[in-house]
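Every heavy atom of this structure was used, including side-chain atoms; hydrogens, water molecules and symmetry mates were not. One is the number of the first residue; the rest follow in order along the sequence.
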Amino acid sequence: MSRAISLAVVGATGLVGEALLALLADSDIKFSSIHALASDESAGKRVEYAEKMLKVEALESFDFSSVEVAIFAVPAAVSAQYSRAAAEQGCLALDLSGVWLADPSVPVWCAGVQDVDTEILRETRLLSVMTGAAAVIAEYVHALSDLQPRLASSVVLLPASAGGRDAVEDLARQTARLLSSQDPEPGIFPAPSAFAVFSAGVSATGSGPVAPEQTAQVGLSRLRALAAVQNTVQVSWVPSFFGMSLGITVHCEQPVSADVAAQMLEQAGMPPVSAELGREPVTLTGELPERSAKVANLAVGGVGGNQLSSWIGVDNVRYGAAFKGVQILQLLIKDYL
């Protein structure tokens, strides 16, 4: 039985922070204390955890030496300012924002794909947790490693939740205005996003990552298990609230079978809902599981039958971000803390 730990959830009033608290409450992790942190403006508010309410504390004045672990579920700029400082105070800081992915001094951990050297972690006390599209792509490609994948091309359809609560509210407001025959008047998004699709570009939308295509590719390049795979990623924003969709085509060294690939994916915890293209469409973002991805429409192509394509749907907030943080925390408690 694992011992109880002290934890701070940074960004507790955000979408990912709230999802983290809900998943932690349902987990078997024991806490000696748990702190909900947010900006000065949110300090004093209450957030739900298990069957009680936690009072939100101010991030700016929090003493991170008082907790063993802090999970940063905040925009990249905020994590850049506070996560390394938390590590310097002796706290183990887990960043979900991706801001440290390009820093070779910060270890990267992707659950089920790449572990981390605990000795290095003891030195840095700062860990970049792979989340979002990069984590889903890594899991999928790694599951097919026996087929010797050499190239993976991914198209990611980002929902509004990737830009935070303000982006979700902006999409809802735009949709309501358009349905009332009014001008959408986008606020967070750089252009009308309701009933529209636009490329991600290199600037952040809401609290989303800067240059999401480049962020995903940099993250994937940090994974030793995928060193032999060339990854290309394209990203667009779509008028969806929480469901993220990915279309992936993997080019392998040998001919592939949809049935064999389906078995590999199932063993990796990504069981396809259909092992081949069917006549009926499959919803990718409806009824999404909180702790796994939804794989559909496996199809074999290519001149030599060496290409495997499929669509994947995930809950961007709960699975793509919050669950990844919980997974890493559970592994750390088992092997590190």
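Partners of Ser161 under the side-chain hydrogen bond (donor to acceptor under 3.5 Å, both in side chains) rule, at least two apart in sequence or in another chain, are Asn316. Here Ser97 pairs with Asp95 under the side-chain hydrogen bond (donor to acceptor under 3.5 Å, both in side chains) rule; sequence neighbours left out. Residues satisfying the side-chain contact (heavy atoms from CB on, under 4.5 Å) test with Val238, not counting sequence neighbours, are Leu157, Val197, Ser240. Residues satisfying the salt bridge (charged side-chain N to carboxylate O under 4.0 Å, His left out) test with Glu123, not counting sequence neighbours, are none. The side-chain hydrogen bond (donor to acceptor under 3.5 Å, both in side chains) search around Ser105 returns Asp103, not counting sequence neighbours. Considering only residues two or more places apart in sequence or on other chains, Asp115 meets the side-chain hydrogen bond (donor to acceptor under 3.5 Å, both in side chains) condition with Trp109. Applying the ring pair (Phe, Tyr, Trp, His ring centres under 6.0 Å) test to His251 and every residue at least two apart in sequence or in another chain returns nothing.
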For residues 37-58, which side-chain donor-acceptor pairs fall under 3.5 Å, sequence neighbours excluded?
unit_1: Ser39; atom_1: OG; unit_2: Glu41; atom_2: OE1; d: 3.1
unit_1: Glu57; atom_1: OE2; unit_2: His35; atom_2: ND1; d: 2.7

Could you list the donor-acceptor pairs under 3.5 angstrom formed between side-chain atoms of residues 66-74 and any protein atom two or more places apart in sequence or on another chain?
unit_1: Ser66; atom_1: OG; unit_2: Asp63; atom_2: O; d: 2.6
unit_1: Glu68; atom_1: OE1; unit_2: Arg3; atom_2: NH1; d: 3.1
unit_1: Glu68; atom_1: OE1; unit_2: Arg3; atom_2: NH2; d: 2.6
unit_1: Glu68; atom_1: OE2; unit_2: Arg3; atom_2: NH1; d: 3.4
unit_1: Glu68; atom_1: OE2; unit_2: Ser6; atom_2: N; d: 3.1

Show every donor-acceptor pair shorter than 3.5 Å between a side-chain atom in residues 282-293 and any protein atom, with sequence neighbours excluded, or say none if there are none.
unit_1: Thr283; atom_1: OG1; unit_2: Gly286; atom_2: N; d: 3.1

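Interatomic distance, CG of Leu121 versus CG of Asp335, reported as 11.5 Å (0.5 Å rounding). Here the straight-line distance linking atom CD of Glu253 with atom CG of Asp146 works out to 13.5 Å at 0.5 Å rounding. Distance CG/Leu298 to CG/Asp259: 9.0 Å, rounded to 0.5 Å. Expressed to the nearest 0.5 Å, how far CH2 of Trp237 lies from CG of Leu158 amounts to 5.0 Å. Atom CD of Glu119 sits about 8.5 Å away from atom OH of Tyr336, to the nearest 0.5 Å. Distance CG/Asn231 to CG/Leu220: 4.5 Å, rounded to 0.5 Å.
Considering every non-hydrogen atom in both Ile312 and Met270, the closest pair reads CD1-CE, 4.4 Å. Nearest approach of Ala296 to Ser310, heavy atoms of both residues: O-CB, 3.5 Å. For Ser257 against Val300, the heavy-atom pair with the smallest separation is C-CG2, 4.2 Å. What you find for Thr249 and Gln307 is that their closest heavy atoms are CG2-OE1, 4.2 Å. Here the closest non-hydrogen pair linking Gln81 and Ala85 is O-CB, 4.1 Å. Taking each heavy atom of Arg177 and Pro184 in turn, the nearest pair found is CD-O, 3.6 Å.
Classified by interplanar angle (parallel below 30°, tilted 30° to 60°, perpendicular above 60°), the ring pair Phe62/Phe64 is perpendicular.
Defined by atom type and a distance below 3.5 Å, a donor-acceptor pair is missing between the side-chain atoms of Ser154 and Tyr140.
In this structure the side chain of Leu126 reaches within 4.5 angstrom of the side chain of Ser83, judged on heavy atoms. Looking only at side-chain heavy atoms (C-beta outward), Leu144 and Leu265 come within less than 4.5 Å of each other. Using a 4.5 Å cut-off on side-chain heavy atoms (C-beta onward), Thr232 and Gln217 make contact. Proximity of Val108 to Met130: side-chain heavy atoms (C-beta onward) are separated by under 4.5 Å at one or more points. For the pair Ile248 and Val250, the minimum side-chain heavy-atom distance is below 4.5 Å. With contacts defined as side-chain heavy-atom distances shorter than 4.5 Å, the pair Gln230/Arg150 does not qualify. Leu127 has its side chain within reach of Ile328: a pair of non-hydrogen atoms, C-beta onward, lies under 4.5 Å apart. The side-chain heavy atoms of Leu23 and Arg318, taken from C-beta on, include a pair separated by under 4.5 Å.
Around the CD atom of Glu266, the shell of radius 6.0 Å holds no more than 12 heavy atoms that belong to other residues, nucleotides or ligands. Applying the 6.0 Å contact sphere to CZ of Arg122 captures more than 12 heavy atoms from other residues, nucleotides or ligands.
The backbone N or O of Ile188 lies less than 3.5 Å from a partner atom in the side chain of Asp170, making a donor-acceptor pair. Judged by distance alone, the side chain of Ser245 and the main-chain N or O of Gly313 form no donor-acceptor pair under 3.5 Å. The closest donor-acceptor contact from the side chain of Thr175 to the backbone of Leu171 lies under 3.5 Å.
Listed by first then second residue, pairs satisfying side chain to side chain donor-acceptor pair (under 3.5 Å) with a partner in residues 187-214 read Gln174-Ser193, not counting sequence neighbours. Sorted by first and then second residue, the side chain to side chain donor-acceptor pair (under 3.5 Å) pairs with a member in residues 8-20 read Glu18-Arg165; sequence neighbours excluded.
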Next item on the list: Apply the test side-chain contact (heavy atoms from CB on, under 4.5 Å) to residues Phe323 and Thr131: give CA-CA distance (whole Å), side-chain angles for both, the deciding distance (0.1 Å), then the verdict.
Entry: CA-CA 9 Å; Phe323 182 61; Thr131 61; over 6 Å; no
Next item on the list: Could you walk me through whether Leu101 and Val106 pass the side-chain contact (heavy atoms from CB on, under 4.5 Å) test, one step at a time?
Entry: CA-CA 7 Å; Leu101 285 175; Val106 179; over 6 Å; no
Check: Passes side-chain contact (heavy atoms from CB on, under 4.5 Å), Leu92 versus Leu332? Steps please.
Finding: CA-CA 10 Å; Leu92 179 58; Leu332 286 170; 3.8 Å; yes
Checklist line | side-chain contact (heavy atoms from CB on, under 4.5 Å) between Ser27 and Gln330, intermediate numbers included | finding: CA-CA 9 Å; Ser27 74; Gln330 289 173 323; 4.2 Å; yes
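Cluster membership for Val218 and Val229, using ILVMFWY side-chain heavy atoms within less than 4.5 angstrom, is shared. Cluster annotation: Leu21 and Leu59 are assigned to distinct hydrophobic clusters (Ile/Leu/Val/Met/Phe/Trp/Tyr, side-chain heavy-atom contacts under 4.5 Å, transitive). Taking hydrophobic clusters as Ile, Leu, Val, Met, Phe, Trp and Tyr residues chained together by side-chain heavy-atom distances below 4.5 Å, Leu246 shares a cluster with Leu308. Under the 4.5 Å side-chain heavy-atom criterion for grouping Ile, Leu, Val, Met, Phe, Trp and Tyr, Leu15 is not connected to Val78 through any hydrophobic cluster. Neither Val99 nor Val210 shares a network with the other; the hydrophobic side chains, linked directly or stepwise wherever heavy atoms of I, L, V, M, F, W or Y lie under 4.5 Å apart, form separate groups for each.
Trp100 does not carry Arg222 over the face of its six-membered ring by the limits of under 6.0 Å from the centre and within 45° of the normal.
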